[in-house]
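See below for the structure under consideration.
The chains referred to below are lettered A, B, ... by the order of the sequence lines, with proteins before strands, and numbering in each begins at 1. Heavy-atom basis, side chains included; hydrogens, waters and symmetry copies ignored. In this text, all values refer to a predicted model and were calculated from it rather than measured experimentally.
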Protein chains: 4
Amino acid sequence: MNFDPDPLCPFRRRRKEARPSELLDAALELFVEKGFASTRSEEVARRAGVSKGTLYLYFPSKEELLKAVIQRFLADPIASSAQEADTADGPTPEVMENLLSDWWMRIYDSPASGVFKLIISEARNFPDIAQFYAEQVIVPGTALCVRLLHRGIERGEFRAIDIDAAAHSILMPLVLLCVHKHSLEPCGISKSLGLDPEGFIRAHLRLILQGLLVRSAPAGAAA
Amino acid sequence: MNFDPDPLCPFRRRRKEARPSELLDAALELFVEKGFASTRSEEVARRAGVSKGTLYLYFPSKEELLKAVIQRFLADPIASSAQEADTADGPTPEVMENLLSDWWMRIYDSPASGVFKLIISEARNFPDIAQFYAEQVIVPGTALCVRLLHRGIERGEFRAIDIDAAAHSILMPLVLLCVHKHSLEPCGISKSLGLDPEGFIRAHLRLILQGLLVRSAPAGAAA
Amino acid sequence: MNFDPDPLCPFRRRRKEARPSELLDAALELFVEKGFASTRSEEVARRAGVSKGTLYLYFPSKEELLKAVIQRFLADPIASSAQEADTADGPTPEVMENLLSDWWMRIYDSPASGVFKLIISEARNFPDIAQFYAEQVIVPGTALCVRLLHRGIERGEFRAIDIDAAAHSILMPLVLLCVHKHSLEPCGISKSLGLDPEGFIRAHLRLILQGLLVRSAPAGAAA
Amino acid sequence: MNFDPDPLCPFRRRRKEARPSELLDAALELFVEKGFASTRSEEVARRAGVSKGTLYLYFPSKEELLKAVIQRFLADPIASSAQEADTADGPTPEVMENLLSDWWMRIYDSPASGVFKLIISEARNFPDIAQFYAEQVIVPGTALCVRLLHRGIERGEFRAIDIDAAAHSILMPLVLLCVHKHSLEPCGISKSLGLDPEGFIRAHLRLILQGLLVRSAPAGAAA
DNA sequence: TATGAATGAGGTTTCATTCAT
DNA sequence: TATGAATGAAACCTCATTCAT
């Protein structure tokens, strides 16, 4: 019944090879938007422009699709971009303020920002996802930050604080910013936060650098 | 007109009055643990020690149960405790370090800490919950923090920084700490953070107060 | 705990004895209104002014309640009143027009009229109800009608038609009138019928008596 | 733009197009037999030879299925066949006796006869069904009858009786005959009626035409 | 006798997954 | 490869019935 002599013309091949990616894009969007359990697999397929059955040609189950989504949107943009931060040069405070904010804004603006919300929501139902997240994001992300703090301390730019705690003080608001982008903001709660992300990130880093306390007055002061 | 014998013996009454609370406790646990959509209503009932039907005697639907959970665990422990913080006295840095960490540890230790994860996960599916959270938690929580910052600036203790941004720099890690308690930690990822919550909160607040930079005062000073 | 020295004061006794009747009234109303399956037993209890449990003190199940409803509203008003019709005297056409329409209007105006709808709806689910209806209503009702027709024929007032068929021609519209009262009319369809019941019944009987055809013309005619 | 192979083979298409009809047939049978509320949707599916889920592929809910049943079995066989009756010719009494009894026997013998019982039972629960019935059946059905009566009167064949009332005297027993076919008869009560439908219909129409009264013509006449 | 909290079987509906074409 | 009709397990919710008080 099928006379098609060329079952893989260039066009179809391109479509075919793009399918998994289109499905992953659609799945990320929907999983972040509605949660994993509340997203129907048919909806993912439809948003990717294919039918329900086709989804199952590429992913054996909805759960495997979730894992593929995490894999795809975690490994690439976060871990890879972390490396370039190490090549930075110059005074560490400037590196932190500029490079860190640029680095995170790329994450914030990318679809990967939704992965944070997704993982928070689904971690307990899929513990190996949590494990994967810890290894692929938390470890390299904090390591990047820790290296910067180390450098600053060694260079005499930073005080000798608790490096691990400081890394989290620095990064956690950035993570929550991504989370809010996909949870509260779509509900119109951005006003409550009152902050544009870029502005907040820079203000945040500057506050971490300088602290709240009034700078040592002419004569000795400060706690 | 009513000749019936006492319609509710003490025992029955006590059970009846306790039921909603027991159901809400069970529901919070499970909604936080597995997510709203993945929690079967019968499971909530069973954890509260009653049968499926009994749940529907007290809440007309699973969705209304969710709303009641949010209402119960948001209004009471978070918003109310925020008031006492205002009565504090003494140097603002100390108030921040002591009172703020105590205040938040009470939240962290209470079952209400799970509400943060729950709201992040469900906000987009139930936008009025997001609204409620903004009004009941974000607004009073940041207002408390903003008042403290104000006081510090007016007293000359704090630099004149962007108060709103600073409030978020202070609070967001505390929120994410609660979120992690219910998402990553149960998966055994607490080691990655490498920090006990109380220690981190104090270190975090001290970092915010003092900043990273070495005190470069004209004459030697600074801690 | 119960000090009541007189557990059956006159008032309570009266209530108690009235209970089954009140429950049957409420049950008839609701079964006719919503159908047996769609009526919740609690609703019956509430409309009778008692609680759910009390219903089960008087009737062992919802199904037995239905049977009691049928028994109560079938035996009494229909079968009993049929007897008096036999005592009538005078020209049979007048008896039919007057007595029959009075008799049926009493049925139509009584709550028993709803029983017709109820039985039509539930007969197949409860075949012994159908049997009971046939014995208690159809048989005596048609018998009454048959006797009247007999009398008219014997007296030379009526033509010698098929008596059984004629009885049904006479009675069926009266039955359907009762059915419509409880099915279409509450939906505002009375206008479509365009007839007040009393007027229709008299017109109907007169038509049956006189027929449609033009009365035998001066010279012989008619089919 | 669509390179997919034929999306619906003939076999699948035929099944798909037949499904709704098969489901409606099964639904009518069961709704008439057991009532709407007492019919489980799975039972409808099974009688149509499909599974529970398939039913919901074609009808969004049990209630919509009911409405589709009414629509299907009302518009087609009753209203449409009413038109042909108007094309009749010849003496009106004969038209009434022959055509009307044929017309109604077709209704009686078709599955649509059950719709009368169904509507009587469910009208109050679904008022728009009652409305639909009034518009689609009562109005055209009585209009057909009214036209016949009109013609008879204008031609001098019929006396000038109350046309609307007469139409109901004619039609109501026919309707109740259909109702009984699906309520009492399956319970074995046909004997009480003692009449085969066709015989009764003809006897009924003849009685309506001729009346009960003996022809008291000046000169001898009458059948 | 009367209550109404509690139960759980059973009904409606959804949706991940399969498979014939 | 791609489709979408079909399935049936499982979820939500209802309600007849029980029973401790």
Side-chain angles (χ1 to χ4, degrees), chain A residues 1-2 4 7-8 12-13 15-16 19 37-45 50-58 60-63 65, chain B residues 2-13 15-16 19 37-43 45 50-63, chain C residues 1-2 4 7-8 12-13 15-16 19 37-45 50-58 60-63 65, chain D residues 2-13 15-16 19 37-43 45 50-63:
Chain A
M1 215 44 129
N2 194 344
D4 196 349
L8 279 174
R12 286 192 69 174
R13 170 167 308 156
R15 297 301 323 257
K16 179 188 153 195
R19 280 285 146 76
S38 301
T39 299
R40 292 186 326 211
S41 53
E42 183 166 20
E43 215 172 351
V44 175
V50 298
S51 80
K52 214 174 0 175
T54 303
L55 173 61
Y56 285 85
L57 292 175
Y58 294 99
S61 73
K62 197 182 163 193
E63 193 171 326
L65 175 62
Chain B
N2 194 349
F3 291 87
D4 308 329
D6 63 346
L8 222 48
C9 61
F11 174 77
R12 294 288 282 271
R13 166 165 302 144
R15 298 305 334 247
K16 191 193 171 187
R19 284 272 185 269
S38 301
T39 299
R40 297 189 345 227
S41 55
E42 186 166 16
E43 217 170 349
V50 297
S51 80
K52 204 179 6 173
T54 303
L55 172 61
Y56 287 89
L57 244 45
Y58 296 95
F59 302 95
S61 72
K62 198 182 160 193
E63 191 171 328
Chain C
M1 214 46 126
N2 194 344
D4 196 350
L8 278 174
R12 285 191 68 175
R13 170 168 309 155
R15 297 300 326 256
K16 180 188 152 194
R19 280 284 146 76
S38 301
T39 299
R40 291 184 327 205
S41 53
E42 183 166 19
E43 213 171 351
V44 175
V50 298
S51 80
K52 215 174 0 175
T54 303
L55 173 62
Y56 284 86
L57 291 175
Y58 294 98
S61 73
K62 196 183 163 193
E63 192 171 327
L65 175 63
Chain D
N2 194 348
F3 291 87
D4 307 329
D6 63 345
L8 222 51
C9 60
F11 174 77
R12 293 288 282 271
R13 167 165 301 145
R15 296 308 329 250
K16 192 194 171 187
R19 284 272 186 270
S38 301
T39 299
R40 295 182 353 219
S41 53
E42 184 165 17
E43 217 170 349
V50 298
S51 80
K52 208 177 2 173
T54 303
L55 172 61
Y56 287 88
L57 244 46
Y58 296 95
F59 302 94
S61 72
K62 197 182 161 193
E63 191 171 328

A:Glu42 CD to E:dT17 C1', straight-line distance once rounded to whole Å = 12 Å

If each of A:Leu57 and D:Gly53 is mapped to the nucleotide of DNA chain F with the nearest heavy atom, which maps nearer the 5' terminus, i.e. the 5' end?
-> A:Leu57

Where C:Leu55 and C:Ala45 come nearest, the two heavy atoms and their spacing | CB-CB, 4.4 Å

Between F:dT3, F:dT17, F:dC12, which one does the side chain of B:Arg40 approach most closely?
-> F:dC12

Between the base of E:dG10 and the side chain of B:Lys52, is there a donor-acceptor distance below 3.5 Å?
-> yes

Assign C:Lys62 to base, sugar-phosphate, or nothing according to its heavy-atom contacts below 4.0 angstrom with the strands shown.
-> sugar-phosphate

How many angstroms lie between atom CG of D:Leu57 and atom OG of D:Ser51, to the nearest 0.5 angstrom?
-> 8.5 Å

Comparing B:Thr54 and D:Ser51 on DNA chain F - which has the more 5′ nearest nucleotide | D:Ser51

Using a cut-off of 4.0 Å on non-hydrogen atoms, how would the nucleic acid contact of B:Phe59 be classed: base, sugar-phosphate, or nothing?
-> nothing

Check the distance between E:dC15's C1' and D:Tyr56's OH and give it to me in whole angstrom.
-> 14 Å

Per-nucleotide pairing state of DNA chain E [Watson-Crick or G-U, under 3.5 Å; [ ] pseudoknot-crossing; | other strand] = .||||||||||||||||||||

Rounded distance (Å) that lies between atom P of E:dT1 and atom CG of C:Leu55 = 14 Å

What nucleotide among F:dA16, F:dT3, F:dC13 has an atom nearest to a side-chain atom of B:Ser61?
-> F:dC13

When we call it a touch if two heavy atoms are under 4.0 Å apart, what does D:Thr39 touch: a base, just sugar-phosphate, or nothing?
-> sugar-phosphate

The nucleotide from E:dA16, F:dA6, F:dT17 with an atom nearest the side chain of D:Arg19 is F:dA6

Start at the 5' end of DNA chain E and walk down; is the nucleotide closest to D:Glu63 or to A:Glu63 reached first?
-> D:Glu63

What distance do B:Ser38 atom OG and B:Arg40 atom CZ have between them, rounded to the nearest 0.5 Å?
-> 11.5 Å

Nearest heavy-atom contact between D:Lys62 and D:Thr39 is NZ-O, 2.8 Å

Look at the side-chain N and O atoms of D:Tyr58 and state whether any lies under 4.0 Å from the OP1 or OP2 oxygen of F:dA6.
-> yes

Non-hydrogen atoms of C:Ser41 and C:Tyr56 that approach each other most closely | OG-OH, 3.6 Å

With a 4.0 Å cut-off on heavy atoms, is A:Ser41 in touch with a base, just the backbone sugar-phosphate, or nothing at all?
-> base

Separation between NZ of A:Lys52 and OG1 of A:Thr54, rounded to the nearest 0.5 Å = 11.0 Å

